[in-house]
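Quick notes on the structure that follows.
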Amino acid sequence: MTASSTRRTTAARTRTAAVGAIAVAGALILTGCGDQTNSGSGSNESASSSKAPLFDKLPAKIQKAGVIKVGTNAEYAPMEYQEGGKIVGVDPDIAAALGKQLGVEFQFTSGSFDGLISSLNSGRYDVAISSITDTKARQEGLDDKGKKLGPGVDFVDYFTAGTAIYVQKGNPKKIGSIEDLCGQKVAVQHGTTYEQALQKQSKACTTAGKKALTIEAFDNDTEAQTRVKSGGAVAGVNDYPVAVDIARKADGGNAFEVVGEQVDAGPFGIAVNKDNKELTSALEAAVNAIIQDGTYKKVLDKWGAQTGAVDKSVINGGK
């Protein structure tokens with residue numbers, strides 16, 4: 001979810017991420033993580049195979065298991081969503097490409113977004129891949145006031161996205177930017193950086209002598225979309241690629257439209273426990289390998305997500 005302005009940051013999981021730190025490690029109680037939908041995504045090479053070029057870079061525990069357990073929130077098409085009982089999208093396809101480089105399978109489990117990082121640091125998952133915006137707060141385990149809540153996580157950055165605003169088709173309230181949301185009801189998924197972006201914007205509204213925003217936060221993004229569609233909220237905020245996909249697909253493209261430009265673009269990262277430096281390094285090498293061999297571009301082209309492409313993966317590139 002995205003950078004910090006409107007995910008999982010956007011003037012609005014970059015699901016992309018004014019993406020704040022509500023899901024920082026230790027900030028939330030370990031949850032049961034939703035429906036626990038499972039989907040394997042990765043190479044078919046067995047754990048005994050070391051033919052993959054980057055297999056030897058993996059921790060011995062993962063080499064032996066032949067699997068990287070992934071936590072996600074599969075509600076953010078085209079990044080990750082469920083179709084025919086499987087988790088599909090940009091992130092699962094990138095994971096499959098990484099699996100071929102590393103010689104292991106990435107197995108996805110879908111749960112609640114705001115429980116992903118706490119579940120990662122509890123050992124439930126090896127990594128979290130869910131359009132999670134890489135921010136300093138999440139790296140350091142801080143809440144939005146700078147209070148230390150947990151150890152944080154490391155990020156292997158692989159994509160970039162900003163926040164976008166979507167409204168009912170026809171834009172009845174004539175919303176053109178996040179500033180136009182002062183005094184209005186806005187729907188958002190709880191635990192995302194764009195929820196924090198809206199809180200920041202609400203303060204900006206009152207400072208300017210305008211009415212504060214009324215922020216309606218829901219457990220999942222589908223509920224937020226329903227609220228906007230019914231007219232209960234004038235707008236929703238989401239990662240830019242997700243908002244565009246919602247507008248394109250919902251009711252055959254007749255339910256929503258995206259207004260304004262994406263703002264506060266920031267990196268999405270694969271979240272890894274800070275104690276697992278070996279896995280972090282292996283994933284960085286694998287992302288750079290698929291960028292260099294062209295597989296990465298093919299995945300983004302397939303899903304119409306080319307605007308989020310990065311030239312190189314880095315560790316903890318978020319601000």
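Below, each value reflects all heavy atoms present in this structure, side chains not excepted, and no hydrogens, waters or symmetry copies.
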Using 0.5 Å steps for rounding, measure from the SG atom of Cys205 to the CD atom of Gln184.
9.5 Å
Going from CD on Gln306 to CG on Leu300, what distance comes out if it is rounded to the nearest 0.5 angstrom?
7.0 Å
Steps toward salt bridge (charged side-chain N to carboxylate O under 4.0 Å, His left out) verdict (Asp134, Arg138)
CA-CA 7 Å; Asp134 172 7; Arg138 284 175 170 161; over 6 Å; no
If you count heavy atoms of other groups shown closer than 6.0 angstrom to NZ of Lys277, is the number above 12?
yes
Closest non-hydrogen contact found for Leu213 with Cys182 is CD2-N, 3.5 Å
Heavy-atom side-chain proximity of Leu98 to Ile290 below 4.5 angstrom
yes
Roughly how far, to the nearest 0.5 Å, is the CG atom of Leu120 from the CD1 atom of Ile270?
11.5 Å
Met79 vs Phe159, side chain to side chain contact (heavy atoms under 4.5 Å, CB included): CA-CA, chis, key distance, verdict
CA-CA 11 Å; Met79 300 304 295; Phe159 193 79; 4.1 Å; yes
Sidechain-backbone polar pair: Ser118 side chain, Gly115 backbone, donor-acceptor under 3.5 Å:
yes
Should the heavy atoms of other residues, nucleotides or ligands under 6.0 Å from NZ of Lys173 be counted, would the total exceed 12?
no
Salt bridge between Asp180 and Lys174, side-chain N to carboxylate O under 4.0 Å?
no
Is there a side chain to side chain contact (heavy atoms under 4.5 Å, CB included) between Glu257 and Val167 once you walk through the steps?
CA-CA 6 Å; Glu257 63 183 83; Val167 298; 3.7 Å; yes
Output yes when a side-chain donor or acceptor of Lys64 lies under 3.5 Å from a complementary backbone atom of Pro59, and no otherwise.
no
List the atom pairs, with distances to 0.1 Å, where a side-chain N or O of residues 307-319 and a protein N or O form a donor-acceptor pair under 3.5 Å, not counting sequence neighbours.
residue, atom, partner, partner atom, Å
Ser313, OG, Asp157, O, 2.7
Asn316, OD1, Phe155, N, 2.8
Asn316, ND2, Asp154, OD1, 3.0

Could you report the tightest heavy-atom contact between Gly71 and Leu116, atom names first, then the distance?
C-CD2, 3.7 Å
Does any part of the side chain of Thr206, heavy atoms only, come nearer than 4.5 Å to the side chain of Lys210, both counted from C-beta?
no
What's the shortest heavy-atom distance between Val237 and Tyr166, and which atoms?
N-CE2, 3.8 Å
Test log, rule side chain to side chain contact (heavy atoms under 4.5 Å, CB included), inputs Phe108 and Lys86:
CA-CA 9 Å; Phe108 280 70; Lys86 297 182 65 176; over 6 Å; no
Would you say that Phe113 contacts Glu75 through its side chain, given a criterion of any heavy-atom pair below 4.5 Å between the two side chains?
no
Hey, could you give me the CG/CD1 distance between Asp126 and Ile62, rounded to the nearest 0.5 Å?
4.5 Å
Search all heavy atoms of Phe106 against all heavy atoms of Ala95 and return the closest pair with its distance.
CD1-O, 3.4 Å
For Gln63 and Phe55, indicate whether the former's side chain and the latter's backbone hold a donor-acceptor pair under 3.5 Å.
yes
Can you see whether Glu80 engages Asn73 through a side-chain donor-acceptor pair at a distance of less than 3.5 angstrom?
no
Has the side chain of Ser202 got a donor or acceptor atom that lies under 3.5 Å from a matching backbone atom of Leu198?
no
Which heavy-atom pair separates Gly266 from Thr160 by the least distance, and what is that distance?
O-OG1, 3.2 Å
According to a 4.5 Å side-chain heavy-atom criterion applied to Ile, Leu, Val, Met, Phe, Trp and Tyr, with indirect links allowed, do Val228 and Phe218 form part of one hydrophobic cluster?
no
Donor-acceptor contact present, side-chain Tyr296 to main-chain Tyr158, <3.5 Å:
yes
Nearest-0.5 Å distance that lies between atom CD in Glu140 and atom OG1 in Thr135:
9.0 Å
Tell me whether Thr280 contacts the main-chain N or O of Asn276 through its side chain, where contact means a donor paired with an acceptor under 3.5 Å.
yes
With a 4.0 Å cut-off on N to O distance, would you call Glu278 and Lys57 a salt bridge?
no
Side chains of Ser110 and Ile87: does their closest heavy-atom pair fall under 4.5 Å?
yes
Looking only at heavy atoms, which two atoms of Ala243 and Val258 are closest? And how far apart?
O-CG2, 3.5 Å
Val70 and Thr109: CA distance, side-chain angles, deciding distance, side chain to side chain contact (heavy atoms under 4.5 Å, CB included) verdict:
CA-CA 6 Å; Val70 184; Thr109 299; over 6 Å; no
Value rounded to 0.5 Å, distance of CD1 in Ile129 from CG in Asp91
6.5 Å
Run Asn288 and Glu284 through side chain to side chain donor-acceptor pair (under 3.5 Å) and show every step you take.
CA-CA 6 Å; Asn288 281 321; Glu284 181 192 25; 4.5 Å; no
Please list, chain by chain and in numerical order, all residues satisfying side-chain hydrogen bond (donor to acceptor under 3.5 Å, both in side chains) with Lys298, sequence neighbours excluded.
none
Side-chain donor or acceptor of Asp114 paired with backbone N/O of His190 under 3.5 Å:
no
Compare all side-chain heavy atoms of Ile68 with those of Val127 and state whether any distance is below 4.5 angstrom.
yes
Close side-chain approach of Gln199 and Ile215, heavy atoms under 4.5 Å
yes
Lys185 NZ: over 12 foreign heavy atoms closer than 6.0 Å:
no
Please output the side-chain donor-acceptor pairs of residues 244-256 that fall under 3.5 Å, not counting sequence neighbours, one pair per line with the distance.
residue, atom, partner, partner atom, Å
Asp245, OD1, Arg248, NH2, 2.8
Asp245, OD2, Lys249, NZ, 3.4
Asp251, OD1, Lys229, NZ, 3.2
Asp251, OD2, Lys229, NZ, 2.8
Asn254, ND2, Asp251, O, 3.2

Less than 4.5 Å apart, any side-chain heavy atom of Gln82 and any of Val88?
no
Side chains of Lys147 and Leu149, heavy atoms from C-beta outward: is any pair under 4.5 Å?
yes
